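A short worksheet on the structure shown next.
Small disclaimer: the values here were computed from a predicted structure and weren't measured. Note that ligands are numbered from 1 as they come in the structure, with each ligand's atoms numbered from 1 the same way.
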Amino acid sequence: MSLPTHVKIVEVGPRDGLQNEQQTIPAAIKIALVDMLTGAGFSNIEAASFVSPKWVPQMATSTEVMAQIARRDGVLYSALTPNMQGFEAALLARADEVVIFGSASEAFSQKNINCSIAESLERFRPVAAAAKLNGLRLRGSISCTLGCPYQGEVALDSVADVVSRMRELGCDEIDIADTIGVGTPHRVQAVMQRAAQEFPLAQLSGHFHDTYGQALANIYASLEVGIAIFHASVAGLGGCPYAKGATGNIATEDVLYLMQGLGITTGIDLHAVVDAGQFISQHLGRKAVSRAGNAIAAARAG
Ligand SMILES: CC(C)(COP(=O)([O-])OP(=O)([O-])OC[C@H]1O[C@@H](n2cnc3c(N)ncnc32)[C@H](O)[C@@H]1OP(=O)([O-])[O-])[C@@H](O)C(=O)NCCC(=O)NCCSC(=O)C[C@@](C)(O)CC(=O)[O-]
């Protein structure tokens with residue numbers, strides 16, 4: 001199969017990237033980051049998460065962030081919504097897309113959202129119905145599709161089962177997430193191809209953490225089987241609060257550099273993303289976790 005000629009990159013840094021930061025990040029910094037990313041040309045930015053602030057304190061500013069970002073027409077600003085309480089907050093905050101997030105692993109489901117996979121899908125049912133009723137886009141995210149920090153291997157059929165249940169709920173897009181970054185290319189292709197038996201390939205996305213340094217290879221492997229939506233996090237920010245040792249998503253700058261080299265269009269200005277990455281890294285007081293981003297910044301500095 002030839003590679004796609006255009007891919008959509010969903011920028012998840014403001015949510016997945018920042019949710020696990022131990023230092024409290026002021027809303028103004030998050031807003032400035034989202035605005036820089038909007039300016040860089042993303043069509044979809046995951047900007048907020050309406051979860052319990054007791055579970056994920058960093059996301060407690062989500063309402064403020066969504067109220068003050070400078071929205072651009074045509075850009076989807078997404079928010080995580082684990083239940084109806086989260087959905088109501090996301091609706092008030094004018095999220096364009098809500099994300100229900102489940103898991104292909106029972107153990108991770110319990111740790112992350114405090115219920116079984118079956119219970120989570122029941123919780124998502126009214127959220128999905130309300131999203132449709134209110135004309136919001138609905139995305140489903142499935143954690144641990146390539147391995148689980150608690151139970152180890154995850155069967156292809158377990159992934160396929162959740163994909164199929166999320167399709168029944170009416171998801172417009174479904175994320176195949178490698179929460180702990182353990183996947184390698186052939187397994188990724190097998191998971192993508194199995195998921196595509198349950199849901200249109202064109203609406204599946206790859207959400208790869210880079211813990212074992214495999215994310216770019218996994219993106220290339222996904223391109224080879226026709227996946228054309230990828231999640232990435234500016235400066236490689238992130239980690240999951242319920243997956244110890246997991247590092248951030250693949251850095252957006254690295255993905256954009258790869259796409260540029262492959263002649264695949266994204267509509268995103270790599271240099272503007274490097275600026276956003278340097279901005280947030282400076283605020284956090286550490287170097288960006290992006291090879292391409294740091295190389296470009298160094299080359300610019302001469
Ligand atoms: C799902 C719950 C809420 C269940 O948590 P629970 O304790 O089972 O829920 P509950 O319904 O019993 O409520 C307990 C308390 O939480 C409050 N509450 C309940 N819901 C909300 C809400 N929406 N917003 C604000 N507050 C909420 C509720 O009001 C109550 O407050 P209290 O009466 O004790 O004061 C909890 O487990 C939770 O918030 N978990 C967050 C998990 C999370 O955010 N994880 C990280 C995101 S997922 C991720 O990163 C993976 C992904 C997507 O990136 C893909 C990948 O890489 O794998």
Side-chain angles (χ1 to χ4, degrees), residues 10-21 46-63 66 78-93 95 97-105 107-117 119-124 126-127 130 139-151 154 159 162-163 166 171 173-183 188 191 204-212 215 218 229-233 236-250:
V10 180
E11 172 56 53
V12 298
R15 195 285 301 172
D16 205 352
L18 296 183
Q19 70 180 5
N20 202 32
E21 278 298 328
E46 201 169 88
S49 180
F50 294 100
V51 298
S52 163
K54 286 184 195 145
W55 285 64
V56 186
Q58 189 65 256
M59 289 289 104
T61 49
S62 288
T63 295
M66 290 294 277
S78 312
L80 264 58
T81 53
N83 52 22
M84 279 308 287
Q85 193 172 336
F87 177 82
E88 296 299 345
L91 186 65
L92 277 176
E97 177 183 72
V98 292
V99 184
I100 49 179
F101 53 102
S103 172
S105 143
F108 188 80
S109 182
Q110 290 290 353
K111 294 275 185 195
N112 193 37
I113 50 176
N114 206 22
C115 62
S116 68
I117 295 173
E119 284 163 344
S120 74
L121 291 160
E122 280 315 305
R123 268 188 206 168
F124 300 152
V127 177
R139 171 147 61 83
S141 184
I142 308 178
S143 290
C144 297
T145 60
L146 286 131
C148 168
Y150 307 106
Q151 75 175 48
V154 174
V159 179
V162 183
V163 170
M166 284 194 167
C171 285
E173 203 165 295
I174 295 181
D175 313 328
I176 300 299
D178 186 4
T179 312
I180 52 170
V182 288
V188 166
V191 171
L204 285 174
S205 79
H207 175 112
F208 299 111
H209 286 259
D210 201 27
T211 319
Y212 287 80
N218 290 337
I229 309 172
F230 296 101
H231 292 194
S233 180
L237 297 171
C240 176
Y242 300 102
K244 275 214 176 340
T247 61
N249 288 90
I250 180 68

Short question: side chain of [X], backbone of [Y] - any donor-acceptor pair under 3.5 Å?
X    : Y    : value
E21  : L18  : no
T179 : C144 : yes
S141 : D175 : no
S233 : V12  : no
D178 : L146 : no

Taking a cutoff of less than 4.0 Å between a non-hydrogen atom of the residue and any ligand atom, is [X] in contact with ligand 1?
X   : answer
R15 : yes
M59 : no
P53 : yes

**Report entry** Test item: side-chain donor near acceptor, D16 and H231, under 3.5 Å
**Finding:** no
Query raised in the report: Side chain, backbone, both or neither: which part of T179 comes within less than 4.0 Å of ligand 1 when only heavy atoms are counted?
Result: both
Requested in this report: Would you mind telling me if ligand 1 is within reach of the side chain of V51, the backbone, both or neither, using heavy atoms under 4.0 Å?
Outcome: both
Query raised in the report: Can you check whether S49 has an N/O within less than 3.5 Å of an N/O in ligand 1?
Result: no
Requested in this report: Indicate yes or no: does an N/O atom of P82 lie under 3.5 Å from an N/O atom of ligand 1?
Outcome: no
Counting each atom of ligand 1 from 1 as listed, which ones have a heavy atom of [X] under 4.0 Å away?
X    : answer
V56  : 43 (C), 44 (O)
G86  : 23 (N)
H209 : 57 (O)
L80  : 47 (C)
N114 : 6 (P), 7 (O), 8 (O)
S143 : 51 (C), 55 (C), 56 (C), 58 (O)
A177 : 55 (C), 56 (C), 57 (O), 58 (O)
S141 : 53 (C), 55 (C)

**Report entry** From CA spacing to verdict: side-chain contact (heavy atoms from CB on, under 4.5 Å), I250, F230
**Finding:** CA-CA 10 Å; I250 180 68; F230 296 101; over 6 Å; no
Query raised in the report: Can you name the one residue among R15, R139, M59 that meets side chain to side chain contact (heavy atoms under 4.5 Å, CB included) with L80?
Result: R15
With rounding to the nearest 0.5 angstrom, report the [atom1] to [atom2] distance, [X] to [Y].
X    : Y    : atom1 : atom2 : result
E119 : Q110 : CD    : CD    : 6.5 Å
S105 : I142 : OG    : CD1   : 12.5 Å
K111 : S109 : NZ    : OG    : 12.0 Å

Query raised in the report: Any idea which of I100, V99, N112, I142 brings a heavy atom closest to atom 40 (N) of ligand 1?
Result: N112
Report summary line: Of E119, H207, M84, the one whose closest heavy atom lies nearest atom 57 (O) of ligand 1 is H207
